[in-house]
2 protein chains.
Amino acid sequence: MIRDGQSIISILRDKIISGEFSAGERLAEIPTAERLGISRTPIRIAFRALVQEGLLEKLPRRGYQVRNVSSAQICDSVEVRGVLEGLAARQVAEAGLNQTTQDELLACLAAGDALFEDGKLVEEDIRHYQNMNMRFHDLIITASGNTAIKSALALNEHMPFASVNALAFNPQELTREYRRLHYAHMQHHAVYHALVNGQSARAEALMKEHAHATLAYSDLFDKKSAKTVSKKS
Amino acid sequence: MIRDGQSIISILRDKIISGEFSAGERLAEIPTAERLGISRTPIRIAFRALVQEGLLEKLPRRGYQVRNVSSAQICDSVEVRGVLEGLAARQVAEAGLNQTTQDELLACLAAGDALFEDGKLVEEDIRHYQNMNMRFHDLIITASGNTAIKSALALNEHMPFASVNALAFNPQELTREYRRLHYAHMQHHAVYHALVNGQSARAEALMKEHAHATLAYSDLFDKKSAKTVSKKS
DNA sequence: TTGTTTAACTTTGGATCCAATAATACCTTC
DNA sequence: GAAGGTATTATTGGATCCAAAGTTAAACAA
């Protein structure tokens, strides 16, 4: 029994991100509705929202299609996240950090410190890290008071995080994952330091670099380089 | 007779931006549907989209409400546009401008030059300018090939342009408007110059400043200053 | 065999109906 | 007069029906 309209969008989004609806697959309202055992109305609303989010593409009179999200597009998305969160960090540093936000950021940092204390991560730790990470970023964006940043990120919010994590994460390589997340966590500390000291330019630059760091230990970075080279040639 | 679903969203958006639906006004699906003489289904889809765009706010079980877009929020939105279009310009300059885009940008510049030739503007000229302006910006965003920028801007796309123009434009002051748009147009020339010469950092900085220039001749800028001061105190 | 025309099917958009639920107003009772 | 409970109303979410329009496929003719 599905009560809330929002959750249907989430369900479809998860199916796309998880690959149950594979890239390039064509989706129509009626078959999808039957597949999920609900009526067309919520599917219709969800499809439109997902088009707006950039996960679906509309083929006029031929249904919808799961957009093929290339690694280059994920890199683009990370770059966008970088400039927007960089702007947020700059504005926070300029306006000054209020006490409650400062406390909450510190709590995030402490939680992260605890996770990395024993020198290794298990899969559950990674989930904890991701929650903490999301909270840390959200705190800064919210603290900026810039609602336009929030809404601009709302669209492809899931995309960079979910896709990058899905592509970058390999359960076989927990050590590499440990290094990647630990580096990111140290950057969190640096960002916090810049924010409390009102170093706005530093905060902005750190936050931009921090977005890139999401990719730094994945092989996506190489693909992006290849793309850039081919563009220039 | 309304055929296309997208147009209903546009109609409602226009009514909000124009002030026919005033800020803070509560809207429910049924009364709005009756007011427009259509059924609830398209209204439902439109309301959800407008929530996602940030123009409406949902009051659970109490309908929707037109969000009060403050001048500070418009400034925020302009800032977001600045960093995103700055990113686009930088990427275009780095990758190099292809010939067709270059030609189309030149056509925009020529069209602008013609508008400003006789030293004054009439209201129709301003509409022409806005179309040309939109095309110029869209060309650069598209040329960047960064789809994430496009979708991030899609949300509040209308907002900065429409709202700023609505607030900044005063038919009594066509001379001031002439100066504002002429300055913006000269910046277009500078952006183009940076792009064709591959000066990526300059292109990015110019594009950011260009966004601010939208406000430079309006009194919004003062309000923003006031807000910043009050934040610090 | 190929091209054109037509018919059937697919698909979306809009309208309306029903159900669930929260808010509000009213009535009763203390 | 106030407070609490109940009933009505307002509002949204989902299901289904119908119409319009485009796509596909098949059949027929050249």
Side-chain angles (χ1 to χ4, degrees), chain A residues 1-16 20-68 151 154-155 157-158, chain B residues 1-16 20-68 151 154-155 157-158:
Chain A
M1 179 87 71
I2 294 160
R3 288 269 112 243
D4 182 15
Q6 188 58 38
S7 72
I8 293 170
I9 297 179
S10 307
I11 289 171
L12 287 174
R13 182 158 49 215
D14 289 344
K15 284 185 188 299
I16 293 171
E20 185 176 332
F21 291 153
S22 57
E25 182 174 349
R26 272 181 57 187
L27 297 175
E29 290 180 5
I30 296 175
T32 308
E34 286 170 355
R35 187 164 165 180
L36 296 184
I38 56 178
S39 85
R40 275 181 56 211
T41 308
I43 297 289
R44 209 190 305 189
I45 290 171
F47 276 8
R48 298 210 175 208
L50 292 172
V51 167
Q52 206 168 12
E53 288 185 4
L55 264 72
L56 287 184
E57 192 175 0
K58 183 170 179 165
L59 312 174
R61 288 286 157 192
R62 297 189 55 202
Y64 294 79
Q65 188 171 31
V66 180
R67 271 187 53 184
N68 187 7
S151 65
L155 278 184
E157 175 157 284
H158 44 81
Chain B
M1 178 88 70
I2 295 160
R3 287 271 112 242
D4 183 13
Q6 189 56 39
S7 71
I8 292 170
I9 298 180
S10 308
I11 290 170
L12 287 174
R13 183 160 46 217
D14 288 344
K15 284 184 188 299
I16 293 171
E20 183 176 335
F21 291 152
S22 57
E25 182 174 349
R26 273 182 55 187
L27 297 175
E29 290 178 5
I30 295 176
T32 308
E34 285 170 355
R35 187 164 164 180
L36 296 185
I38 57 179
S39 85
R40 274 180 58 211
T41 308
I43 297 289
R44 208 189 305 189
I45 290 172
F47 275 8
R48 298 210 175 209
L50 292 171
V51 167
Q52 207 169 11
E53 288 185 5
L55 264 72
L56 286 185
E57 191 174 2
K58 183 171 180 167
L59 312 174
R61 289 283 155 194
R62 296 190 56 202
Y64 295 78
Q65 189 171 30
V66 179
R67 271 187 53 184
N68 187 7
S151 65
L155 279 183
E157 177 158 282
H158 43 81

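Chain letters run A, B, ... following the sequence lines, proteins first, then strands; residues in each count from 1. Keep in mind it's a predicted model, so treat the numbers as computed, not measured.
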Map B:Arg26 and A:Arg62 onto DNA chain C by nearest heavy atom, then report which one ends up closer to the 5' terminus. A:Arg62

Would you check if A:Tyr64 and A:Thr32 make a side-chain contact, meaning some heavy-atom pair closer than 4.5 Å? no

B:Glu34 CD - C:dG14 C1' separation (whole Å): 16 Å

Between A:Leu27 (CG) and C:dT12 (C1'), how many Å, whole number? 15 Å

Roughly, in whole Å, what's the span from CG in B:Leu59 to C1' in C:dA23? 13 Å

Using heavy atoms to find the nearest nucleotide of DNA chain C for A:Gly63 and B:Gly37 separately, return the residue whose nucleotide is more 5′. A:Gly63

Is there a side-chain contact between A:Ser39 and the phosphate of D:dA15, meaning an N or O under 4.0 Å from OP1 or OP2? yes

Just by distance, do the side chain of A:Arg44 and the backbone of A:Glu29 share a donor-acceptor pair under 3.5 Å? no

Among D:dA20, D:dG14, D:dG13, which is the nearest nucleotide to the side chain of A:Ile8? D:dG14

NA contact type, B:Arg40, heavy-atom cut-off 4.0 Å: base, sugar-phosphate, or nothing? base

Non-hydrogen side-chain atoms of A:Leu27 and A:Lys15 separated by less than 4.5 Å: no

Between B:Arg26 and B:Arg62 (side chain of the first, backbone of the second, donor and acceptor by atom type, cut-off under 3.5 Å), is there such a pair? yes

Rounded to whole Å, how long is the line connecting atom CD1 of B:Ile30 with atom P of C:dC17? 12 Å

A:Tyr64 near the nucleic acid: base, sugar-phosphate alone, or nothing, with a heavy-atom cut-off under 4.0 Å? sugar-phosphate

B:Arg48 side chain near D:dT12 phosphate (N/O to OP1/OP2, under 4.0 Å): no

Starting from the 5' end of DNA chain D, give me the residue, B:Thr41 or B:Pro31, whose nearest nucleotide shows up first. B:Pro31

B:Ile11 CD1 to C:dG13 P: how many Å, rounded? 15 Å

Counting only distance, no hydrogens or angles, is the base of D:dG14 paired donor-acceptor with the side chain of A:Arg44 under 3.5 Å? no

Can you tell if the side chain of A:Ile8 reaches within under 4.5 Å of the side chain of A:Ile45, non-hydrogen atoms only? no

Assign A:Ile45 to base, sugar-phosphate, or nothing according to its heavy-atom contacts below 4.0 angstrom with the strands shown. nothing

Whole angstrom is fine here: how far is it from CD1 in A:Ile43 over to P in D:dG14? 10 Å

Just the rounded figure in Å: distance from P of D:dA15 to CD of A:Glu29. 13 Å

Spacing between B:Leu56 atom CG and D:dT11 atom P, to the nearest angstrom: 15 Å

